Amino acid sequence: MPIDIRQFPCLSDNYGYLIRDRATGQAAAVDAPDGSAILAELAASGWKRLDLILNTHWHPDHTQGAEMVKAETGCRIVGPEESTRVIALDQVLSDGDQVDLGETRFDVIHTPGHTLGHIVFIDRRGGEAFVGDTLFALGCGRLFEGAPEQMFESLDRLGALPDDTRIWCAHEYTAANARFALSLDEPDAGVRADLEAHARDIFALREAGQPTVPTTLGREKRLNPFMRAENAADFAAVRAAKDAFKG
Ligand code: ZN
Ligand code: FE
């Protein structure tokens with residue numbers, strides 16, 4: 001049985017996620033950007049329980065609400081070792097681990113680059129990927145801790161998932177990412193046309209205050225300039241150009 005997903009904007013440009021395993025009613029938050037916002041969304045959901053927080057990395061906009069939510073709900077907090085520098089974890093996760101939420105299983109993949117310990121959560125059966133700040137719609141996370149080679153490899157591992165995998169990222173950065181993508185030379189006319197059409201949709205959605213997330217892996221592999229990089233050097237050049245881009 002699939003999971004229900006409630007996506008809600010919080011802080012300036014984060015997405016919070018509450019998810020529920022339909023078979024058992026067990027529920028989780030993906031990251032904890034804002035404890036009050038998560039508790040308000042939980043109340044609005046009517047789900048009446050929160051079992052887990054699935055933390056992707058240590059940054060404050062992914063951890064700072066965790067202890068408030070745990071105090072209120074009694075949930076367990078699981079995440080990468082690096083997060084223990086800012087919050088207490090009930091279980092430390094590493095690459096290859098599995099986390100069960102009722103009958104839904106999440107595979108943990110280590111995706112260093114944005115931070116060195118960053119992990120993502122993949123529900124393979126449901127085709128859902130919670131990718132934190134590793135992969136964004138038309139973008140990827142800044143390399144605060146990792147090297148370009150690491151992020152290239154991390155994106156490559158995500159790229160091996162099925163094309164119809166839904167990508168739930170932790171920020172709404174898509175319009176700025178689209179402006180950057182459009183600024184790049186694109187030799188393939190078909191890709192260029194698809195990018196322009198997709199960017200128009202993105203700008204219209206944002207104009208209407210609507211989310212552009214989730215995206216799909218197949219779309220990102222075709223249009224995302226970071227996923228299109230053929231090697232780590234190529235990737236590093238795109239990342240450096242984005243870091244310098246004043247859209
Ligand atoms: Zn981050
Ligand atoms: Fe973040």
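Owing to the predicted nature of the structure, the values given are computational and were not obtained by experimental measurement. As the structure lists them, so they are numbered: ligands from 1, and atoms in each ligand from 1.
Sorting the N, O or S atoms of D61 by how far they are from the Fe ion (ligand 2) puts OD2 first. Within D133, the N/O/S atom positioned nearest the Zn ion (ligand 1) carries the name OD2. The closest approach of D133 to the Fe ion (ligand 2), by N/O/S atoms, is made by OD2. The closest approach of H59 to the Zn ion (ligand 1), by N/O/S atoms, is made by ND1.
At the Zn ion (ligand 1), the angle from NE2 in H57 to NE2 in H114 is 100° when rounded to 10°.
Around atom CD of Q91, more than 12 heavy atoms belonging to other residues, nucleotides or ligands sit under 6.0 Å away.
Because the distance cut-off is set at 2.8 Å, H57 fails to qualify as a neighbour of the Fe ion (ligand 2), as none of its N, O or S atoms comes that close. For the Fe ion (ligand 2), the N/O/S atoms of H59 include none lying under 2.8 Å.
Look at R20 and D4 and you find a salt bridge, because one of the NZ, NE, NH1 or NH2 atoms lies within 4.0 Å of a carboxylate O, short of that distance.
Note on ring orientation: taking the six-membered ring where Trp is involved, the planes of H59 and H57 are perpendicular (angle over 60°, cut-offs 30° and 60°).
A donor and an acceptor atom, one from each side chain of Q7 and W168, are nowhere located under 3.5 Å apart. T56 and D31 share a donor-acceptor pair across their side chains, judged by distance under 3.5 Å alone.
One N or O on the side chain of Q26 and one on the backbone of G102 form a donor-acceptor pair closer than 3.5 Å.
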